[in-house]
Every structure is written in C-alpha cells, then in structure tokens.
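So the structure is just underneath, and the comments pick up after that.
Whatever order the structure lists ligands and atoms in, that order sets their numbers, starting from 1.
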Amino acid sequence: MEMLIAANWKMHKTAAEAVAFCERIKVAEGRLTGVEVLLCAPFTALAAAGKALEGSTVKLGAQNMFWEEKGAFTGEIAPLMLQEFGTEYVILGHSERRRIMGEDDAMVRRKLETALRNRLKPILCVGETEAEQERGETDAVLERQVSAALKGLDPAAVAGLVVAYEPVWAIGTGKAASPADAAAAAEVIKSAAARCVGAAAVETMRVLYGGSVTPANIGSFVALPQIHGALVGGASLEADSFINLIIAAREAVS
Ligand code: 13P
C-alpha cells in the first residue's frame with residue numbers, strides 16, 4: 001500500500017503563499033517518488049494551488065466540506081465546489097472541527113457519505129482527548145467514532161478509505177503518541193471498521209498517524225506495519241520541513 005503523507009495547513013496560507021509552497025515542492029518532486037503527497041489547503045487557496053499543481057503528482061485536498069450538494073446553507077462549501085479545482089481528498093471530522101465548531105459523530109457521518117457519493121476521498125479523523133485517555137477510554141472513543149462513521153456503509157464504497165488517528169492531546173503540543181500506542185490505536189480502528197464494513201474492505205484501508213509529527217519522528221511511525229502515513233500540521237507549513245519529512249518517511253520504509 002502506498003504511503004500517504006498529507007499536509008493539513010489548517011487556517012494558514014493565503015492563495016499566494018500556497019502557490020509559493022507548491023512551486024517549492026514541485027522542484028523537489030523527483031526526490032519524493034513512491035510516496036503519495038497531499039496538500040490540504042484552505043478553501044480560499046484551492047483554486048490557486050490546484051492550478052499551481054497542474055502536471056504534478058502532488059495532490060490537493062480540502063479540510064472540510066458540507067453534507068449537502070447544494071442549497072440554502074450560508075457559508076458552507078459543497079463537494080462539487082471542491083472538485084472544480086482538482087481537489088481529490090477531503091479531511092472530515094478533524095478534532096478542531098469537532099471540538100471548536102461542534103461537529104458531532106452524526107454530522108461527520110453525513111459528510112463522509114456525501115464525500116463518497118461525490119467521489120471525493122475522505123480522510124476520516126478520529127482520536128481521544130487527554131481526559132478520555134486518562135480515563136482509559138481511548139479504545140471506546142475510537143470504536144464509537146469509527147462505527148458512527150462507517151456502520152452500514154456499502155463496503156465497496158469505503159474501499160481505499162483513509163482514517164487518521166489523531167489523539168487530541170498530541171496535536172500541536174510537541175508531545176506525539178508513542179509509536180506503540182499509535183500502532184495499538186490503528187489496530188482498534190481497523191477492528192472497529194471491520195465490524196462495520198467487513199474485513200475485506202478494511203484490507204485496503206490506510207491508517208495515518210497525526211499529532212506533532214516532525215521530520216525527526218516520522219520514521220518511527222511509518223516503519224510500523226499498522227501505520228501507512230501521516231497527517232501533518234505544524235511541520236507541513238514550511239516547504240523545506242515538509243520535504244525533509246517526506247524524505248525521512250521514504251527512507252524509513254526503504
Ligand atoms: P500538528 O502536526 O501541528 O500537531 O497537527 C496535527 C494535525 O492536527 C493534523 O491534522
């Protein structure tokens with residue numbers, strides 16, 4: 001399974017800054033082969049980034065999407081609006097959206113179904129908070145989030161799904177999960193997914209790790225058979241840092 005290294009720029013980068021980043025990564029592309037590289041840009045930078053990435057193997061993603069295709073939903077963005085710019089992936093259920101914007105499991109489920117129906121590739125984010133981890137609820141939280149998203153879906157529709165394990169306490173804190181804990185969480189995610197859509201569909205599922213990933217620690221995650229890449233926040237903002245991270249990931253698995 002090809003490794004996926006995805007940048008989540010969050011609320012960073014104007015369109016001009018996104019283009020400058022794309023130009024830098026295109027120059028380095030020859031050194032990044034064998035890895036699927038994805039840039040999840042803010043909505044306002046998608047058009048410019050999509051144009052800048054034309055002819056490149058680097059892919060474009062969005063960070064959110066609404067669950068309806070069109071209608072009176074002021075301020076929301078529909079799948080077709082993303083696809084117009086060559087957007088292939090969409091992050092759904094990121095913990096910042098769950099925590100700050102009040103997205104719940106049911107909303108994430110609706111978004112996931114809409115993305116799949118519109119042939120956008122979702123990156124479903126799951127992960128426990130610090131309090132949940134302290135109470136020993138990690139597995140239960142992951143199981144709840146995965147089943148809410150996947151239960152009853154057509155196994156064929158979820159083939160190739162990407163799930164990102166992002167413990168909330170590890171995001172932006174410099175305190176990454178241990179590789180062993182990330183591997184254990186990935187196993188829990190896959191078992192929960194298998195109960196929803198069957199073991200065969202899960203064979204093509206990739207689980208990413210996210211939370212304080214850096215060029216220095218990426219190797220310890222992607223070397224694990226359970227982890228197929230990373231969702232990177234802070235270390236994806238500077239082109240050099242992100243390129244070094246991808247190269248380190250490649251070296252760890254070669
Ligand atoms: P950091 O890499 O900044 O911890 O962010 C992780 C994240 O939330 C990616 O979606």
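For ligand 1, the atoms lying closer than 4.0 Å to a non-hydrogen atom of Leu231 are 9 (C), 10 (O). Taking every heavy atom of Gly211 and a limit of under 4.0 angstrom, the matching atoms of ligand 1 come to 4 (O), 6 (C). For ligand 1, the atoms closer than 4.0 angstrom to any heavy atom of Ser212 are 1 (P), 2 (O), 4 (O). Of all the atoms in ligand 1, the ones that sit under 4.0 Å from a non-hydrogen atom of Gly234 are 1 (P), 2 (O), 3 (O). Applying the 4.0 Å criterion to heavy atoms of Gly172 picks out, from ligand 1, the atoms 1 (P), 3 (O), 4 (O). The atoms of ligand 1 that sit less than 4.0 Å from any heavy atom of Gly233 are 1 (P), 2 (O), 3 (O), 5 (O), 6 (C), 9 (C).
On a distance-only criterion, Ile171 and ligand 1 share no N/O pair closer than 3.5 Å.
Listed for the Thr129 side chain is no donor-acceptor partner under 3.5 Å among the backbone atoms of Val168. Side chain of Arg117 to main chain of Leu112: no donor-acceptor pair is present (N/O by atom type, distance under 3.5 Å, no hydrogens or angles). Under a 3.5 Å cut-off, the side chain of Arg206 and the backbone N or O of Gly229 do not form any donor-acceptor pair.
No continuous path of ILVMFWY side-chain contacts below 4.5 Å connects Leu38 to Met3, so the two sit in separate hydrophobic clusters.
Side-chain contact between Val188 and Glu143 is present, with at least one heavy-atom pair separated by less than 4.5 Å.
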_Verdict with reasoning, Gln226 to Tyr165, per side-chain contact (heavy atoms from CB on, under 4.5 Å)_ = CA-CA 11 Å; Gln226 295 90 345; Tyr165 170 57; over 6 Å; no
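Checking Gln63, Glu166, Glu96, Lys10 against atom 10 (O) of ligand 1, the nearest heavy atom belongs to Glu166.
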